[in-house]
Amino acid sequence: MTYLVGKIVLDVVAGAPNNGLAEDNNGKVKQLRVGRDVHPYVSAQAFRRWLRDSLPVQESRSPVIRSGAGAKQQAYTAGRPDLHLDDDLFGYMVAVKKESYGRETVLATGTFVSVVPQRPTSDFGTMSRDFPAGEHPVIHSHELYSAVLAGDVLLDLPRVGVFETDGTGLRTALSPAAAEEAVKAGAEKTVLRSVGAVRLPLAERRRRVDTVLRALASVRGGAKQALHYGDRAPALVLLAPVKGGVNPFTRIVGADDGRPVFQADVLREEIEAWRDELDGPVLVGWAPGFLGDQRERAVKDLADLVDSGAVVFGHPRVILNGLADRMGAGEHDAWFEDPAA
């Protein structure tokens, strides 16, 4: 049983990629307070939307169904993870006609919070184009900020392409009819973590992991792109195969004297502490130029682990696409297996 766990870091420069509730005519970015400090953030929901929208155009998306009106409105996807990768990896909840089917997320993502406090700036603007002379302009403003945002990530590999059919409520991912359709289409009945399930062919499970890793390498999206377009692909990503569901790498990025820093000593100690649980090398994708010369210092500080193959550094796109290649080629098929099944 192997999970891919780690950290994703985004480099936002003069951006407003995820906005909250406006006040009067002032657009507000999402932000939280820690004591007196303000930390802008991008919600997990927003990042997952970016990732979903970054999937290849030919990839089938689960259609969204909306019903009801007013306070009794519902919106839900088709709830067919056998047919749609996004239902499989991102989860869903369908509750209609006294039936309830749901799937807890296979790809878990945390909130992307500014590593160091950053107070957003308010940008003042007016609209007066084609107004007659003497007319007052329409006044508006919105917030923006520059910050390094970091969030945790976990991909539960044994659950990719495996859908619970026993139990009640959220433990049941497919209706009996949908499960039977999946079996007829090539899925097989199995047991995962003491729960009856149906499992897609291994080739399709490989393909889905391959696809989402490549999408992660080239994430795009975010609000206010007309005014604050910027790169939203990871500036730094760390992924490691771990046999349990613990993510020991949540603290590899910290703050020092008001600046974000990569903490090589933390990474070294966590690797040593969790060595018996690691199921492969720690992969670090780091964009050149991000955090100045810290990348070169980290490679030097971890030279013994790099030389032994315990840590691999590279560009985020090279690291993620290389892992996707190996997953798609079947080099890590053991990671899909759960000994407790």
Side-chain angles (χ1 to χ4, degrees), residues 1-5 48 51-52 54-65 76-94 99-109 153-216 239 241 243 245 279 320-321 323-341:
M1 175 172 60
T2 299
Y3 300 77
L4 284 176
V5 305
R48 292 161 72 84
L51 184 55
R52 182 182 182 275
S54 300
L55 293 170
V57 293
Q58 66 270 21
E59 187 68 40
S60 173
R61 271 81 161 172
S62 184
V64 175
I65 302 158
Y76 48 90
T77 69
R80 290 298 300 268
D82 54 319
L83 303 178
H84 308 292
L85 178 151
D86 53 344
D87 272 349
D88 181 6
L89 300 186
F90 299 153
Y92 55 85
M93 173 67 186
V94 179
E99 293 183 319
S100 176
Y101 302 101
R103 180 163 174 79
E104 295 180 3
T105 189
V106 173
L107 177 65
T109 48
V153 63
L154 178 149
L155 179 58
D156 187 349
L157 289 170
R159 288 188 62 228
V160 174
V162 182
F163 319 118
E164 299 86 352
T165 55
D166 283 349
T168 59
L170 293 179
R171 295 294 296 175
T172 304
L174 291 175
S175 69
E180 188 60 32
E181 286 182 27
V183 170
K184 288 181 179 179
E188 61 179 355
K189 295 182 178 180
T190 187
V191 175
L192 178 66
R193 299 169 190 169
S194 303
V195 176
V198 294
R199 180 172 60 197
L200 297 181
L202 181 57
E204 174 61 13
R205 300 171 71 198
R206 291 174 187 153
R207 189 195 70 82
R208 292 185 175 193
V209 174
D210 177 305
T211 299
V212 78
L213 288 173
R214 295 184 193 279
L216 180 58
L239 284 179
K243 296 175 185 176
D279 203 13
L320 289 168
N321 285 350
L323 179 57
D325 287 340
R326 295 190 296 277
M327 296 295 298
E331 294 183 26
H332 298 305
D333 284 352
W335 291 354
F336 288 104
E337 299 301 323
D338 189 336

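The analysis underlying the following values was restricted to heavy atoms, covering all of them including side chains, and did not include hydrogens, waters or symmetry mates.
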> Quick one: CG on Asp166 to CG on Leu192, what's the gap to the nearest 0.5 Å?
Replying inline: 11.5 Å
> Rounded to the nearest 0.5 Å, how far apart are CG of Asp333 and CZ of Arg205?
Replying inline: 9.0 Å
What's the shortest heavy-atom distance between [X] and [Y], and which atoms?
X: Ala215; Y: Leu55; answer: CB-CD2, 3.9 Å
X: Pro158; Y: Thr2; answer: CD-O, 3.2 Å
X: Asp87; Y: Ser62; answer: OD2-OG, 2.7 Å
X: Val94; Y: Gly79; answer: CG2-CA, 4.0 Å
X: Ala108; Y: Arg48; answer: CA-NH1, 4.1 Å
X: Phe163; Y: Ala173; answer: CB-CB, 4.0 Å

Heavy-atom side-chain proximity of [X] to [Y] below 4.5 angstrom:
X: His332; Y: Asp279; value: no
X: Asp338; Y: Leu157; value: no
X: Tyr3; Y: Pro241; value: no
X: Phe336; Y: Leu202; value: yes
X: Pro56; Y: Thr211; value: yes
X: Val198; Y: Thr190; value: no
X: Met327; Y: Leu213; value: yes
X: Leu4; Y: Leu323; value: yes

> Between Asp82 and Leu174, does a side-chain contact (heavy atoms from CB on, under 4.5 Å) hold up when you go through it step by step?
Replying inline: CA-CA 9 Å; Asp82 54 319; Leu174 291 175; 4.0 Å; yes
>> Going by side-chain contact (heavy atoms from CB on, under 4.5 Å), name the residues that satisfy it together with Val106, two or more places apart in sequence or in a different chain.
In response: Asp88, Leu89, Arg103, Leu155, Asp156, Arg159, Val160
>> Applying side-chain contact (heavy atoms from CB on, under 4.5 Å), can you list everything that pairs with Pro63, at least two apart in sequence or on another chain?
In response: Ala78, His84
> Could you go step by step and tell me if Val64 and Tyr76 meet the side-chain contact (heavy atoms from CB on, under 4.5 Å) rule?
Replying inline: CA-CA 5 Å; Val64 175; Tyr76 48 90; over 6 Å; no
>> Consider side-chain contact (heavy atoms from CB on, under 4.5 Å). Of Thr109, Leu85, Leu51, Thr77, which one does Phe90 pass it with?
In response: Leu51
>> Is there a salt bridge (Lys or Arg N to Asp or Glu O under 4.0 Å) between Glu59 and Arg208? Walk through the geometry before answering.
In response: CA-CA 10 Å; Glu59 187 68 40; Arg208 292 185 175 193; 5.6 Å; no
> Are any of the side-chain nitrogens in Arg206 or Asp210 under 4.0 Å away from the carboxylate oxygens of its partner?
Replying inline: no
> Quick one: do Asp86 and Arg52 make a salt bridge, cutoff under 4.0 Å?
Replying inline: yes
> Stepwise, does the side-chain contact (heavy atoms from CB on, under 4.5 Å) test hold for Lys189 with Arg199?
Replying inline: CA-CA 6 Å; Lys189 295 182 178 180; Arg199 180 172 60 197; over 6 Å; no
> With sequence neighbours left out, which residue pairs that include part of residues 172-187 fulfil the salt bridge (charged side-chain N to carboxylate O under 4.0 Å, His left out) condition?
Replying inline: Arg80-Glu181
